[in-house]
Participant: 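I have a structure here, written as structure tokens, and I will follow up with some questions on it.
As a basis for the values below, the full set of heavy atoms in this structure was taken, side chains included, without hydrogen atoms, waters or symmetry mates. Computed from a predicted model, the values in this text were never measured in an experiment.
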Amino acid sequence: HYAIKIHKTDNPKYARVKETVLAEIDVINQVEDHPNIVKIVEVIKEAKVVKPNGTSYDVFCVIVEEIYPGGELFFFVKNSGPFEERFARYYFHQLLDGLDHLHAKGFAHRDIKPDNLLLDSDFTLKVDDFGYAAPHEGKTGTGLMDSKIETVPYQAPEIKEDRPYKGTEVDLFAAAIVLFINVSGGPPFM
């Protein structure tokens, strides 16, 4: 069994989405050799998907990943409630290991949230969705970034204030919010 992400060519934002998806594949290929990072099985570029009813559509990319039957960490916490400290620490440690590997490879994730943290059949955490990942030296090579991205409840103050930021630092800020949610069952800033 595999998870499949299909990206259609008829998307109105096709050019931008294609650039983002190809960048995501590039990042994952460079960092996926870690137990806390998702694994890509295959990438199929430019394909035609034929539905059972005979209709078809063109896609610019199909990403085949390992399947993660434990689901998203978000739903696990939502459905089971806050974790005991030992479980929160267990997942936080795995998240930090995955981020450390990503950062050591030269990238910042920039969208850490429970929805992008998957659990495999052994309930090992896997960091997923590298669509906002970027080299942590930034576009200018100064180590600072200025794109206003990330999911708002997980954004570091410097992103909300439109100030330049270090990608590795905003990843850690978001990871701390994930830890807070795992322990309390809800976000800190509501």
Participant: Examine Lys8 relative to Tyr57 and say whether NZ or CZ is less than 6.0 Å from the centre of the six-membered ring and inside a 45° cone about the ring axis.
Facilitator: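 Yes.
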
Participant: Could you report the tightest heavy-atom contact between Glu84 and Arg86, atom names first, then the distance?
Facilitator: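 So the minimum-distance heavy-atom pair works out to OE1-NE, 3.0 Å.
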
Participant: Linking I/L/V/M/F/W/Y whenever any side-chain heavy atoms sit under 4.5 Å apart, do Val62 and Ile40 land together?
Facilitator: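 No, separate clusters.
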
Participant: I'd like to know if the side chain of Thr151 and the backbone of Pro153 have a donor-acceptor N/O pair within less than 3.5 Å.
Facilitator: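 Answer holds: no.
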
Participant: Would you please name every residue forming a side-chain contact (heavy atoms from CB on, under 4.5 Å) with Asp146, sequence neighbours left out?
Facilitator: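 None.
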
Participant: Quick one: do Gln94 and Tyr90 satisfy side-chain hydrogen bond (donor to acceptor under 3.5 Å, both in side chains)? Show the steps, please.
Facilitator: CA-CA 7 Å; Gln94 290 184 7; Tyr90 173 78; 3.0 Å; yes

Participant: When clusters are formed by joining ILVMFWY residues with side-chain heavy atoms under 4.5 Å apart, either directly or through shared neighbours, do Val41 and Ile6 land in the same one?
Facilitator: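 Per the 4.5 Å side-chain linkage, Val41 and Ile6 are co-clustered.
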
Participant: Report, as yes or no, whether the 6.0 Å neighbourhood of atom NZ on Lys148 holds more than 12 heavy atoms from other residues, nucleotides or ligands.
Facilitator: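 Yes.
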
Participant: Hey, any chance Ile44 and Val21 share a hydrophobic cluster, counting ILVMFWY side chains that come within less than 4.5 Å of each other, even indirectly?
Facilitator: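 In one cluster with Ile44: Val21, no.
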
Participant: Please answer: with hydrophobic residues joined when any side-chain heavy atoms are less than 4.5 Å apart, are Phe74 and Val183 in the same cluster?
Facilitator: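 Different clusters.
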
Participant: Quick one: side-chain hydrogen bond (donor to acceptor under 3.5 Å, both in side chains) pairs with a partner in residues 114-134, sequence neighbours left out?
Facilitator: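 Found Asp111-Asn116.
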
Participant: Kindly determine whether Tyr154 and Arg110 satisfy side-chain hydrogen bond (donor to acceptor under 3.5 Å, both in side chains), including the steps that lead there.
Facilitator: CA-CA 10 Å; Tyr154 304 91; Arg110 304 191 308 164; over 6 Å; no

Participant: Distance check, rounded to the nearest 0.5 Å: His101 atom NE2 versus Asn36 atom CG?
Facilitator: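 Rounded to the nearest 0.5 Å, the NE2-CG separation comes to 9.5 Å.
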
Participant: Hey, any chance Phe83 and Phe123 share a hydrophobic cluster, counting ILVMFWY side chains that come within less than 4.5 Å of each other, even indirectly?
Facilitator: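 Yes; Phe123 is reachable from Phe83 via cluster members.
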
Participant: Could you give me the CA-CA distance, side-chain angles and deciding distance for Ile37 and Phe130, then say whether side-chain contact (heavy atoms from CB on, under 4.5 Å) is met?
Facilitator: CA-CA 10 Å; Ile37 303 286; Phe130 292 82; 3.9 Å; yes

Participant: For Glu158 versus Pro164, what's the shortest heavy-atom pair and its separation?
Facilitator: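 The pair with the smallest heavy-atom distance is CB-O, 4.2 Å.
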
Participant: Do other residues, nucleotides or ligands put more than 12 heavy atoms under 6.0 Å from the CD atom of Gln30?
Facilitator: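 Check passes, neighbour count above 12.
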
Participant: Can you confirm whether Pro187 sits close enough to Ile177 that some side-chain heavy atom of one is under 4.5 Å from a side-chain heavy atom of the other?
Facilitator: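 Not in contact.
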
Participant: For Glu161, does the CD atom sit with more than 12 other heavy atoms under 6.0 Å from it, leaving out its own atoms?
Facilitator: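 Above 12, so yes.
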
Participant: Please walk me through it: do Val27 and Glu24 pass side-chain contact (heavy atoms from CB on, under 4.5 Å)?
Facilitator: CA-CA 5 Å; Val27 171; Glu24 177 179 10; 5.9 Å; no

Participant: Quick one, Cys61 and Val59 - any side-chain contact, counting heavy atoms below 4.5 Å?
Facilitator: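 Side-chain contact under 4.5 Å: no.
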
Participant: If you count the non-hydrogen atoms of other residues, nucleotides and ligands that lie under 6.0 Å from NZ in Lys5, is the total more than 12?
Facilitator: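 Correct, the count exceeds 12.
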
Participant: Tell me the side-chain hydrogen bond (donor to acceptor under 3.5 Å, both in side chains) pairs involving residues 74-83, sequence neighbours left out?
Facilitator: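 Counting only pairs at least two positions apart or across chains, no side-chain hydrogen bond (donor to acceptor under 3.5 Å, both in side chains) contact touches residues 74-83.
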
